[in-house]
Amino acid sequence: MLQFLVRRLLQAVGVLAVMSLLVFVGVFAIGNPVDVMIDPAASEAERQAAIVALGLDQPMWRQYLTFVGNALQGDMGKSFVYNQSASELILSRLPATFELAVMAMLIAVAIGLPMGLWAGLKPGSWADRLLMTISIFMFSLPTFWVGLLLIMGFAVTLGWLPSGGRGETRELFGVPFAFLTWDGFQHLLLPAFNLALFKLALVLRMVRGGVREQMTSDYVAFARAKGVSETRIVFKHVLRNIMLPVITVMGLEFGNILAFAVVTESIYAWPGMGKLLINAITVLDRPVIVAYLMITVFIFIVINLIVDLTYTLLDPRVRTGGAK
Amino acid sequence: MKKLSTAALLAVALSASPLAADTLRVGLAAGPSSLDPHFHNIATNNAMMRNVFDRLVHMDANMRLVPALAESWTPIDETTWEIKLRAGVTFHDGTDFEASDVIYSVERIPSVPNSPSAFTKFVKSIEAIEVVDDLTLRIKTSGPVPLLASDLAQFSIVSKQSAEAYLAANPSAAASITEIDSAAFNSGALAIGTGPFSVTKWAPEETLHLARNDAYWGDKPHFEAAELRPIQNDAARLAALQSGDVDLIDALPTSDAGKIREDAKFTVFEKPSNLAIYLHMDTERDDTPFVTANDGSKIQNPLKDVRVREALSLAINREGIARAIMDGAAKPAGQLLDVGFAGASENLPAPAYDANRAKELLTEAGFPEGFKITLQTSNDRYVNDEKVALAIAQNLTRIGITTAVQAETKATYFGNASKQAYSFMLLGWGSSTGEQGSSLEALLHSYDEENASGSANRGRFSDAKFDGMITEAMQTLDEAERNAKAAAAAEYGIGEQHGLIPIHFQNNLWAARKGITFEPRADAYTIIDTAAAE
C-alpha cells in the first residue's frame, strides 16, 4: 500500500513538471499580454515600461526558471490584471466552484441512480424507453443553450429563481458557502442542475447497462434459486458490482466539473474558478492561466488517487492484487 | 440594516416585482479589475472609479470638460496654468480635500507598482506644482500643453492623509506613500475618494457594493446604495434585466436592441459614442504581405496610391452596414469623431456609396481588373467586428478587389497589427479626450517612436503637410483656433488623402426597467450618480 502511494506521488511530481513546461510554452505562443492590457493610445515608450514592469522583457527560459523557482516555494506569481497572488486568487474562487460541482454530482447521482435502476430492471417497458429518450437529449443538447433556456424558463418567465450570481453566503470554517443560506441555495439550483444534466444521463445509462448485464449473470440466478429476496439481490449484490465503473467515471467527471465548469459559470455569472480562467485567457493574464492549469492538474491527480483507493475498499480483489 | 436589505432583495427575487427604490442593481459587461484608480488605465476601471473618485476636471455625457474638484483652470502664460480648487470637499473618511492631495496623486501615478497600463502620460508634462494658497495651485509644464485640462480629466484624486495614516499603521507595506501597492486599495483600506459613492464591499469579478456619499459636493445621488455586478455573457446580462434581478444593464447587444425597444417594460438609452471603427492600410511598404494580383503574383502595393484608397472608401456601403449589421446602433462616419465633438469638421460627412466612381478610380490608378487583398480583424473587441469586416469584403469584391477576411482574437490581433504584420486592418479608436486633434495625431502623424507621435499609426501613413498641420494645431493654446486647425487637418488627412477610412461610430446602449432614468454617455462609462427611479 505504501509502495503504491509513493509510486503515485512520484508520478504526480513528474506530471506536474511536464505540464508546467507545456503550459508555459503554450501560453508564450499566444501573444504578448501587454498588447491586450495597455491603453490603445499608449506610446512605444509606455509599452516598453509596462513590459518591464510585468517582467516580460526577460527571455522565455529565464522567465520559466524564475517561475519554477518561485513555484517550488509555493509562489505561483502575481496576476497582471489584479496584482494579487495568482494561486490565492484561484483558491479564493475554489469554494464557489466546489459547492457547485458537489451539488451537480448530488443531483446527477440522486436522480440518475434510481432512474437507471428502474430502467434496467424493466427493460423494454415504456418507462425504460422514455428515460432512454430523455437521456439522449440530456447529453446531446449543448450546456450553453440549455443554461439559457433554464434562465428564460425559471427566472424570466416564471420568476421562481434568480437568473445568476451567487447570492448571500455564510461562512463555514471560515470559508464562504452559498448553500448555507436560502438565498444562496436558490442561486445554486439552476447552475447546478444545468451542470448535472450531462452527468445525470451518464449515470442513468451506465447503471441501466450494468443492471441489465448483472441481472442475467449466474450469481443472480443462483441467489434467486437460493430464495434470496429480489430487493436484497438488487441492492446488496448487483448495485455493489455496478458501482465500480460508475465511481471511476464520476470521479473523473467531478474533476471535469471542478476544472471546466467554464460555460455554466459564465452564463450564470457564478464567481467560480472557470469564470476566472476564461477572463484570464481573454486578457492573457499569464500567471493566472499557468497557476490555474497547474492547480487543475493537481486536482486530477488527487481525484484519481481517491478513485483508486475507493476501488480497494469496494473490490477486495484489487486489494489482494496490490498486496502481491 | 444589511440583513434587512438582503431580506428585501430576497422578497423581490421571489415575487419578481420592482425593487424598493433605495438600491440600484446594475449588470455590467465587465467589472473593475482593481479599486486603485491609478493601477490600470482601462475604460472599465476608469468608468467604475468615476463613481467613487473625482478628478480635477470631469467630462459630461458629451465629453465636454466641466469643473469638478477644480472650479477653474486658466493659462497664465505659455507654460503655467492656475487651478482654483473647490472648497469644502471631504473624502469618504472625513478628511478634507486639499492642494496636497493633488500633488500626492500626481506624484504617485508614475510609481504605482506593477501597473499594466500606467496613467503616466497624463502627468508627464507637469514639471512642478506650486501651492499659492489652500485652494489655488499653479501647474508648470515642460512646454506649451494646450490640452492640459483634458489630461487633468483623466486621473483620479486620492487622499494623501489617508495614505499617510495607512503607512503609519502598516509600515512594512511600502517604502513611501507614493509606492503604496494597489492591494491597499483593493482591500478597501484606501479606496477612499471624494466621489458620489463610497465602496462598501468588493472582490475581483464579484459585485461592487457602493453606498451613497451624503456629503457629496455635487448633486446628491438618488439611490442610497448600488450593486454593480459583472455579467459578461450578453444573453445572461439581458436575462438578468428581464427577470428583474438587475435594474440596469450596459452594453445591450445590438441584436436585442430592437426587441427591448418595443417592450413596454424596459427603456433603452442610446448615445452615439466617441468610438470610431475605421480601416487602416499599409501605405509605407512597396511590397506588402497581404496584397497580390488576381493570379496570386506579387504586385507593387496599390494602397500607396491615393486613388485606390479613395476607391476603397467609396465602395463601402456604410448606410447598409449601420442598418443591417449594426441593427441601427451605429452612425456612418467620415472622420474620427462625430460633428458636435471638439475638433470635428462640419465638411466631412460619411462618403456616399458610389461603386461606379470607385471602379473608375481603380481604372485610373491602373487596376481595372482589381487585385486580391486580405482584411484582418479582431472578432471579440468591437461590436460585430467580424461581421462588419465580412460586409466590407463583399462591398469591395463587388468593385473587383477580391477581399478575404481573417479574424482572430484581440489577444493576438493588436500585437500583430502593431508589428506591421498586416496590410489592411479593421480597427477602432475611442478618443479619450473627446476632441479630434489627439486622435489624428496618434493615428495619422508619421510614426515617430521618440516623440510618441503616430503611436497608433499601424498603416504608417506619412505626409509632411499633414504632420505640419496637426502638429501646429496641437500646439495652439486657444481652444476655438485649435479645434478649427484640427478640423482642417482631418479634412486634408482623411477627406483628401484617405490616410484611413472611417466606417462608423458605434452607439453605446444601456437598457433599464421602466421607471429608471439614466444618462447615457458618449464614453460608454456607466456613471450612476445621475440615475434615478421615478
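Residue numbers start from 1 in every chain, and the chains themselves are labelled A, B, ... in the order their sequence lines are given, proteins ahead of strands.
- Contacts of B:Phe39 with chain A are made by side-chain atoms alone, with heavy-atom separations under 4.5 Å and no backbone atom involved.
- Contacts of A:Arg47 with chain B are absent, with no heavy-atom separation under 4.5 Å from either backbone or side chain.
- In this structure, B:His40 NE2 and A:Phe80 CZ are separated by 11.5 Å, a value rounded to the nearest 0.5 Å.
- A 6.0 Å sphere centred on CZ of A:Phe177 holds more than 12 heavy atoms belonging to other residues, nucleotides or ligands.
- No other option in B:Glu206, B:Lys121, B:Gln242, B:Lys410 has as many heavy-atom pairs under 4.5 Å with chain A as B:Lys121.
- Nearest approach of B:Pro116 to A:Met37, heavy atoms of both residues: CB-SD, 4.0 Å.
- Here the closest non-hydrogen pair linking B:Gln232 and A:Asn279 is OE1-OD1, 2.7 Å.
- Considering only heavy-atom pairs separated by less than 4.5 Å from chain A, the leading option among B:Ser34, B:Ala456, B:Ala240 is B:Ala240.
- For the pair A:Gln84 and B:Pro204, the tightest heavy-atom approach, listed with the atom from each and the gap, is NE2-CG, 3.7 Å.
- Contact tally against chain A (heavy-atom pairs below 4.5 Å) for B:Gly428, B:Ser453, B:Ser182: the top residue is B:Ser182.
- Atom CD of A:Gln58 is surrounded by more than 12 heavy atoms from other residues, nucleotides or ligands within 6.0 Å.
- The minimum heavy-atom distance linking A:Ala53 with B:Ser115 is given by the pair CB-O, 4.1 Å.
- Annotation for B:Tyr447: atom OH counts as buried by contact number, over 12 foreign heavy atoms lying within 6.0 Å.
- In terms of heavy atoms, B:Ala239 sits closest to A:Val156 at O-CG2, 3.6 Å.
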Begin from the C-alpha positions of B:Phe414 and A:Ile38 and carry the test side-chain contact (heavy atoms from CB on, under 4.5 Å) through to its verdict. CA-CA 11 Å; B:Phe414 291 99; A:Ile38 204 159; over 6 Å; no
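- Using a distance-only test at 3.5 Å, with no hydrogens or angles considered, no donor-acceptor pair links the side chain of B:Asn114 to the main chain of A:Asn83.
- Heavy atoms of other residues, nucleotides or ligands lying less than 6.0 angstrom from CZ of A:Phe139 number more than 12.
- Taking a 6.0 Å sphere around CZ of A:Phe154, one finds it holds 12 or fewer heavy atoms contributed by other residues, nucleotides or ligands.
- For the options B:Ser455, B:Ser33, B:Ser439, B:Ala183, heavy-atom pairs under 4.5 Å to chain A are most numerous at B:Ser33.
- For the set B:Asn416, B:Asp380, B:Ile231, B:Asp181, the count of heavy-atom pairs under 4.5 angstrom toward chain A peaks at B:Asp181.
- Each of A:Ile267, A:Val283, A:Ile151, A:Val52 has some count of heavy-atom pairs under 4.5 Å with chain B, and the biggest count is that of A:Ile267.
- Heavy atoms only, all atoms of each residue included: A:Leu148 and B:Ala235 are closest at CD2-CB, 3.6 Å.
- For B:Asn45, no part sits under 4.5 Å from any heavy atom of chain A, backbone or side chain.
- A:Leu89 touches chain B through its side chain: at least one heavy atom from C-beta onward sits under 4.5 Å away, while N, CA, C and O do not.
- Heavy-atom distances place both the backbone and the side chain of A:Lys275 under 4.5 Å from chain B.
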